[in-house]
**Student:** 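Input: one structure, supplied below.
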Number of protein chains: 2
Amino acid sequence: MTNSNNRRQQLLEVAATCFYREGYDAASMRLIAEQAGMRTASIYYHFESKDALLVAVHEEALHRIQEAVNAALMDVKGEWNRLEAACAAHLEMLLTGGTFFKAVMRHVPSAVEGRELIFKLRDDYERIFADLIADLELSPETDRGTLRLMLLGAMNWTFTWWRPHEGPAPAVLAFRFVTNLRSCLDLPA
Amino acid sequence: MTNSNNRRQQLLEVAATCFYREGYDAASMRLIAEQAGMRTASIYYHFESKDALLVAVHEEALHRIQEAVNAALMDVKGEWNRLEAACAAHLEMLLTGGTFFKAVMRHVPSAVEGRELIFKLRDDYERIFADLIADLELSPETDRGTLRLMLLGAMNWTFTWWRPHEGPAPAVLAFRFVTNLRSCLDLPA
DNA sequence: GTCTATATGCTGATAGAC
DNA sequence: GTCTATCAGCATATAGAC
């Protein structure tokens with residue numbers, strides 16, 4: 001039972017890495033099994049299908065990142081500070097939290113069973129940012145929906161170009177992103 | 001010869017649509033052939049492999065979008081206006097220019113021959129925006145690299161959520177994106 | 001240029017021993 | 001829980017007729 005949970009957890013990590021690096025289709029069950037040090041058939045003791053494995057990866061990753069963002073928001077005061085803290089936590093997980101979270105950014109093939117659930121999980125998570133942006137004081141002509149999608153787009157695109165030891169640290173990136181949006185918008189002049 | 005070029009062009013369009021909708025691996029040569037109204041083997045008269053087909057899709061799409069952006073920049077004066085015009089053209093192609101351009105945003109599996117070339121084509125195209133941003137007058141502490149990546153990220157992420165007849169028109173989106181970045185940055189106070 | 005027919009290999013998944 | 005062995009199907013790609 002405990003052993004089973006360990007293996008299950010290990011499989012999730014390995015699968016996420018494969019899904020991220022190869023994409024869902026190219027990440028074969030054989031490859032995942034090999035990376036996890038077991039045979040293909042053994043995976044099916046822990047997960048009923050490859051699709052179920054992908055769904056489980058999303059559940060785990062989004063649960064973890066949601067907790068990280070909520071933790072980062074504890075005791076932070078000020079609307080813009082809170083937004084920046086959430087962005088920093090989001091980028092921290094995405095860029096340096098292991099391949100687990102990058103897997104969530106990949107395309108989900110249309111034939112995957114549980115695709116709708118995956119989209120729902122993603123949407124639920126992103127609602128944190130909608131709430132934070134709703135709290136901002138903005139000039140009346142600013143569209144909050146666009147602002148949210150712009151910020152999330154900028155953040156979620158980082159995983160295509162960011163490399164460890166090269167680009168700016170996640171927290172620096174969060175500061176710049178929010179600063180670039182901030183100064184112009186917060187005061188009704 | 002002319003007939004061959006027509007077929008080749010048609011295959012490119014069909015393949016791009018399949019690559020976008022299904023992802024590279026799930027878009028089988030059988031499916032592409034079927035959608036194009038021919039047999040699998042016939043594709044190989046026009047393209048030597050599936051990988052070559054993907055590379056050709058990128059060459060065509062990036063060539064076209066580059067021309068569209070350059071055309072949109074003709075006779076536009078003012079650094080911020082030029083950036084906005086380029087963004088509008090970019091979004092116009094990406095969102096309403098057919099699936100051709102969305103295919104370029106998808107993940108390229110690591111095993112694809114010509115992967116490096118594809119990345120080079122993407123980088124070359126994005127240099128347009130680096131040049132436009134280099135022309136802006138910004139407060140000295142603003143990082144232009146971050147600004148470029150932020151804007152491209154926001155734009156390239158749109159194809160994950162934008163739907164025809166729902167979201168804002170591409171030109172409106174371009175205006176909001178640039179406006180959100182603009183007011184705060186252009187004057188050294 | 002497009003076809004039929006086929007080679008070869010990899011895919012997700014299952015059966016059943018241990 | 002993990003294994004060996006295997007299935008049926010689909011993948012890319014090629015050979016050669018028309």
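Throughout, protein chains are lettered first and strands after them, A, B, ... in sequence-line order, and every chain is numbered starting at 1.
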**Student:** I want to verify a distance call: between dC3(D), dT2(C), dA13(C), whose nearest atom is closest to the R39(A) side chain?
**Tutor:**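 Of dC3(D), dT2(C), dA13(C), dC3(D) is nearest to the side chain of R39(A).
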**Student:** Kindly compute the distance separating CG (L173(A)) from CE (M155(A)), expressed to the nearest 0.5 Å.
**Tutor:**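 CE of M155(A) is found 9.5 Å from CG of L173(A).
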**Student:** To the nearest Å, how far apart are D25(A) CG and dC10(D) P?
**Tutor:**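 Between P of dC10(D) and CG of D25(A): 15 Å.
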**Student:** Name the closest nucleotide to the A41(B) side chain, picking from dT2(C), dG12(C), dC3(C).
**Tutor:**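 Nearest to the side-chain atoms of A41(B), counting from C-beta on, is dC3(C).
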**Student:** Mark yes or no: K50(A) above the aromatic ring of Y24(A), with NZ or CZ under 6.0 Å from the six-membered ring centre and no more than 45 degrees from the axis.
**Tutor:**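 Ring-cation test returns yes.
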**Student:** With no hydrogens and no angle check, just 3.5 Å: does a side-chain donor-acceptor pair link R30(A) and T40(A)?
**Tutor:**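 Their side chains do not contain a donor-acceptor pair, so the 3.5 Å distance test is not met.
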**Student:** May I have the distance from I43(B) (atom CD1) to dT12(D) (atom P), rounded to whole angstrom?
**Tutor:**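 It works out to 9 Å between those atoms.
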**Student:** Side chain of K50(B) only, please: which of dT2(C), dT14(C), dA13(D) is the nearest?
**Tutor:**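 The nucleotide sitting nearest to the side chain is dA13(D).
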**Student:** Grab the CD-C1' distance between Q9(B) and dG1(C) for me, whole Å please.
**Tutor:**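 Rounding to the nearest Å, CD of Q9(B) and C1' of dG1(C) are 17 Å apart.
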**Student:** Would you say T17(A) and Q35(A) are linked by a side-chain donor-acceptor pair, where the criterion is simply a distance under 3.5 Å?
**Tutor:**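 No, no side-chain donor-acceptor pair sits under 3.5 Å.
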**Student:** Find which nucleotide of DNA chain C each of T40(B) and A26(A) is nearest to by heavy atoms, and output the residue with the more 5' nucleotide.
**Tutor:**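 The residue mapped nearer the 5' terminus is T40(B).
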**Student:** Looking at dA13(D), dT14(C), dG1(C), which one has an atom nearest to any side-chain atom of Y45(B)?
**Tutor:**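 The closest nucleotide is dG1(C).
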**Student:** Return the nearest nucleotide to the side chain of M29(A); candidates are dG12(C), dC3(D), dC3(C).
**Tutor:**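 Ranking dG12(C), dC3(D), dC3(C) by closest atom to the M29(A) side chain puts dG12(C) first.
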**Student:** Output yes when at least one side-chain N/O atom of R8(A) is less than 4.0 Å from OP1 or OP2 of dG1(D), else no.
**Tutor:**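 Result: no.
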**Student:** Just how far, in rounded Å, is C1' of dT2(C) from CZ of F47(B)?
**Tutor:**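 Checked: the CZ to C1' distance equals 16 Å.
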**Student:** Whole angstroms only, please: what is the CD1-C1' distance between I32(A) and dG12(C)?
**Tutor:**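 Interatomic distance, CD1 of I32(A) to C1' of dG12(C): 11 Å.
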**Student:** Side chain of S49(A) only, heavy atoms from C-beta on: which candidate in dT4(D), dA13(C), dT2(D) is closest?
**Tutor:**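 Among dT4(D), dA13(C), dT2(D), the one nearest the side chain of S49(A) is dA13(C).
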**Student:** Can you tell me how far C1' of dG16(C) sits from OH of Y44(A), to the nearest Å?
**Tutor:**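 About 17 Å, once rounded to whole Å.
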**Student:** Remember a base hit wins even if backbone is also touched, and classify S28(A) as base, sugar-phosphate or nothing at under 4.0 Å, heavy atoms.
**Tutor:**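 Here S28(A) touches the backbone only, sparing every base.
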**Student:** Distance check needed: dC10(D) P versus E34(B) CD, whole Å only.
**Tutor:**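 One finds 12 Å between P of dC10(D) and CD of E34(B), rounded.
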**Student:** Please determine whether side chain to side chain contact (heavy atoms under 4.5 Å, CB included) holds for the pair M38(A) and I32(A), giving the CA-CA distance in whole Å, both sets of side-chain angles, and the decisive distance to 0.1 Å.
**Tutor:** CA-CA 9 Å; M38(A) 60 172 67; I32(A) 294 168; over 6 Å; no
**Student:** Hey, which of these two, S42(A) or R30(A), hits DNA chain D nearer its 5' end, going by closest nucleotide?
**Tutor:**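 Closest to the 5' end, via its nearest nucleotide, is S42(A).
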**Student:** Please report, rounded to the nearest Å, how far the P atom of dG12(C) is from the CD atom of E22(A).
**Tutor:**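 So the CD-P distance, E22(A) to dG12(C), works out to 12 Å.
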